[in-house]
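Heads up, the thing below is written out as structure tokens.
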Amino acid sequence: MLRRRSALIAASTLVGAIALTSCNANSRGNATNSGSASAGGGAAAAPKQGGTLLEYTSSKEIHFDPAKSQNLGTSTIHLLARGLTTWKTSPTGNTELAPDLATNTGTASDGGKTWTFKLKSGLKYADGGAITAQDIKFGVERSFDPQLQGGLSYHKALLVGGEGYQGPAKGKHLDSIQTPDASTVVFHLNKAFADFPWVASMPAFAPIPVGKGMGIPAYDRTPPSSGPYQVASYTVGSKVTLKRNPNWQKDTDPVRLGAPDTITYEMGLDPDTLAQRMVDDQGNDKNGAGVQVTSAIVPKINADPSVKARTTVSPSGAAEYLILNTSRPGLSNLTVRKAFQYAINKQSLQTIAGGPTYGGAISTTLIPPGVQGYQEYDLYKAPATGDTAKAKQLLGGVKLPTLSLVYDSTSPGQAQQAASIQADLKKLGVNVKLTGQDSDAWQATVSQSNNFDLTISGWQADYPGAYAQLQPVFAASQVGGGNFNLSKFKDPAVDKAIVDATALTNADEAAKAWAKIDQQILQQAPVVPLYYSHQAYLNGSNVTNTYIPTFPTYPNVLIQGLRK
Amino acid sequence: MAWYLARRLAASVVVLLAISFCVYLLFYSGPSDPARVLCGKPCQPERLSQIKQFMGTDKSAVVQWVDFVKGLFVGRTYGTGAEAARCAAPCFGFSFDQRQSVTSLIWSRLPITASIAIGGAVVSLIVGMTLGPLAARFRGGVLDGLVRGGSLLLVAMPAYLLGLLAILVFGFQLNMVPVSGYVPLSESPVDWAWHLILPWCVLGLINGAAYARYARNQMLDELGSDYLLAERATGASARRVRRTARRSVWVPVTTLFGIDLALMLGGTIFTEKVFSMHGIGDLLLGGVSSHDLGIVVGTALFGAALIIVGNLIVDIVQGFIDPRVRRG
């Protein structure tokens, strides 16, 4: 969901670990004051082996069933569940794909419609059972069961025969997943899809032992563990403790460090109380990780260098846009949309969001840094405060009706941002009517109706691939019906370019193609890029590997540990 | 009496059904689709219709409500085959997000809410029935002024504000008591009580303030009544007269107390939220924010049922005390 309720994002104070998803844009976070800490930061020293790492969260439950999980590749569920592939982050470079249970990141054939993965040898679950290709197939099939919906579901639209399939509970299997032997799994797709190796890193690709039943609802609390940890205890609403999986072999895992002996999730905590505790950094809180910075503590962070040193700000983030509804009178005119590109004072919106550090960097592209195909360019060169004269010149004598800007009134700062846009457009002689709506109503209005001209929203992909960044927001097939092409943008040339780029298995060619599509779309000006929104986290003084990679916008829980 | 009881019971059932119907209609007139919440990302149209079919939300709101009412008496089954989800009677609904019946979710949260509610109710009764009659005794004095002013302040103060202030002062500044979390009674009775002290005091003070004002006024009325003036005139001691008056004050206050307790057992939303305790109020709040229809309808109905039962008990008790009520 686009900008899924910021409340939800705020609720997942935990290092993205429990984050439901990072997609849904507006990961604007809670910080609303401009700060002086620079983006980046966060400890990256190697953690010691042992100790108890504390992860704090306001969430009351953690769902561990891989089929229902929307956790991204560096999040909590991957401490227990390994996939065919995994994500490798670094403090400086981009997030990359790495083989996990598989020996490589997949071999394509049939022009990218068939993907083969070979499992490493000797892989075991925590209970000592062998992990087989059939378990991978069962795990994926299981995610089709109507009781197990809600997770990342890219594979469901890609696998041949996936449309009507309802899981293996009634003895039916998906023929498009073949397991010729115990260590080989082959996926047959209904179209060429070069990003399938990224899809194979998603939670549904975790192995689930065949022959032990569907595990409903048992696996939601105690899933079969193939990662470095297993669930030791689970108390609803208050605490989950993870202990070591004795059968996890570190030499088969290129990503996870498995440093702490125990990881304890303390749940249901109030975000503001938690943030204050982290500022104080007393007792066990020194070993606490991943608390999202709230606006209330930004002044304290800026006033105290020791607190600032424990604060990590994401170097990139969701791409925030002013959405221009291209199907509405006035905005169907490309010249008008181009004029709007110059009219908006992006700096004002950035300041409202928290300034360059906590708010985000001003953007001119659709793909944010850290995502495949990002290439810096500026089609509509203007100062950050906008170029009203140029906008007026472009607009010429075009008369526009009063435009309706709907915004999510529950999202911090949106009302002020809407007012800023209203003032910018007033300078062009364009009247804008502002309508604040509750997040549910807003989401229904912009994704299911056509009763608006403008809205503010953004998007962060589910993996750092350009397909996941551009297709949901700009493909014609994603207009209406609760989908996220809010600008109702329809361009057959763009659709074809997306389909073509999706099939490119050569990474360099694909990156070039996506960069070109980025510009191709923005030439049609369906949105005004505003800024790449940042997120900030505060950690205990004894926690290391707290840096935030370029993607996703929170620390990598798979590598965190204690200094001493 | 039997006819009176039958009438009251029948009315209670009708009210409960009406409430469940209203909650269904309200939820379905909202913009969010519970099936869509569960559909995953990206959500394919065919997947969405499968989920709707499984949840039963592909039917009209009225049919869904009828299914819900049926489930209360005979239970419900979602899906088919060995892996179907079964919700035994009385089925208050099913949470597809948590894959548990709402009844079991309510039972799992009830000990927390009951701990807060009963403790808070006891404190409120002690506060109200101590300070109210005392203020009446010293009418116009310093104590009376303090009780009147203090109780007015507390009654006007929202529970969450008092809770946050209590956390700030007694938790963070004086570091006297824990500020959040719940320890089960079975784990450690001392820790259980220690973690509940602040919520009990907050809830107890707010309700107790209302009781104190009520008890004070009631006490003054009683003390000024003809029969007590006559008793005093016939030589009864002031202490004895006050004791008689206090007994009369108990009746209306316990009536209020019964309804308040039922209300609190249905979920002390603000108190649970502020003190990070995950009782029934918190369950309801979570259900609303995650668009979990089963939880919203089930907990709302459970809360309503408690209030109706509380009212029913009060009515029955009053019926015994005052036969005119039975005829009314």
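Reminder, nothing fancy here: chain letters follow the sequence lines and each chain counts from 1.
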Does any backbone or side-chain atom of [X] lie under 4.5 Å from a heavy atom of chain A? Answer side chain, backbone, both or neither.
{"X": "Gln100(B)", "value": "side chain"}
{"X": "Phe172(B)", "value": "side chain"}
{"X": "Ile51(B)", "value": "side chain"}

[X] atom [atom1], over 12 foreign heavy atoms within 6.0 Å:
{"X": "Phe170(B)", "atom1": "CZ", "answer": "no"}
{"X": "Asp67(B)", "atom1": "CG", "answer": "yes"}
{"X": "Gln276(A)", "atom1": "CD", "answer": "yes"}

Query raised in the report: Is there side-chain contact between Glu163(A) and Gln44(B), with at least one heavy-atom pair below 4.5 Å?
Result: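 Counting from C-beta outward, Glu163(A) and Gln44(B) never come under 4.5 Å.
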**Report entry** Arg99(B) side chain reached by Lys68(A) side chain, heavy atoms, under 4.5 Å
**Finding:** yes
Query raised in the report: Which answer fits Asn483(A), side chain, backbone, both or neither, if we ask what part of it has an atom under 4.5 Å from a heavy atom of chain B?
Result: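 Its backbone and side chain both get close to chain B.
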Query raised in the report: With only heavy atoms counted, which part of Tyr165(A) is less than 4.5 Å from chain B, the side chain, the backbone, both or neither?
Result: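 Contact with chain B involves the backbone of Tyr165(A) alone.
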Gap between atom [atom2] of [Y] and atom [atom1] of [X] - 0.5 Å precision:
{"X": "Gln166(A)", "Y": "Arg47(B)", "atom1": "CD", "atom2": "CZ", "value": "7.5 Å"}
{"X": "Asp145(A)", "Y": "Phe54(B)", "atom1": "CG", "atom2": "CZ", "value": "7.0 Å"}
{"X": "Gln448(A)", "Y": "Arg36(B)", "atom1": "CD", "atom2": "CZ", "value": "6.5 Å"}
{"X": "Asp220(A)", "Y": "Asp97(B)", "atom1": "CG", "atom2": "CG", "value": "8.0 Å"}

Report task. Taking all non-hydrogen atoms of both residues into account, name the closest pair between Pro42(B) and Ser153(A) and its distance. Result ->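 Scanning both residues, the minimum pair turns out to be O-CB, 3.6 Å.
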Report summary line: Of the listed Gly268(A), Ala444(A), Gly162(A), the one with the largest count of heavy-atom pairs under 4.5 Å with chain B is Gly268(A)
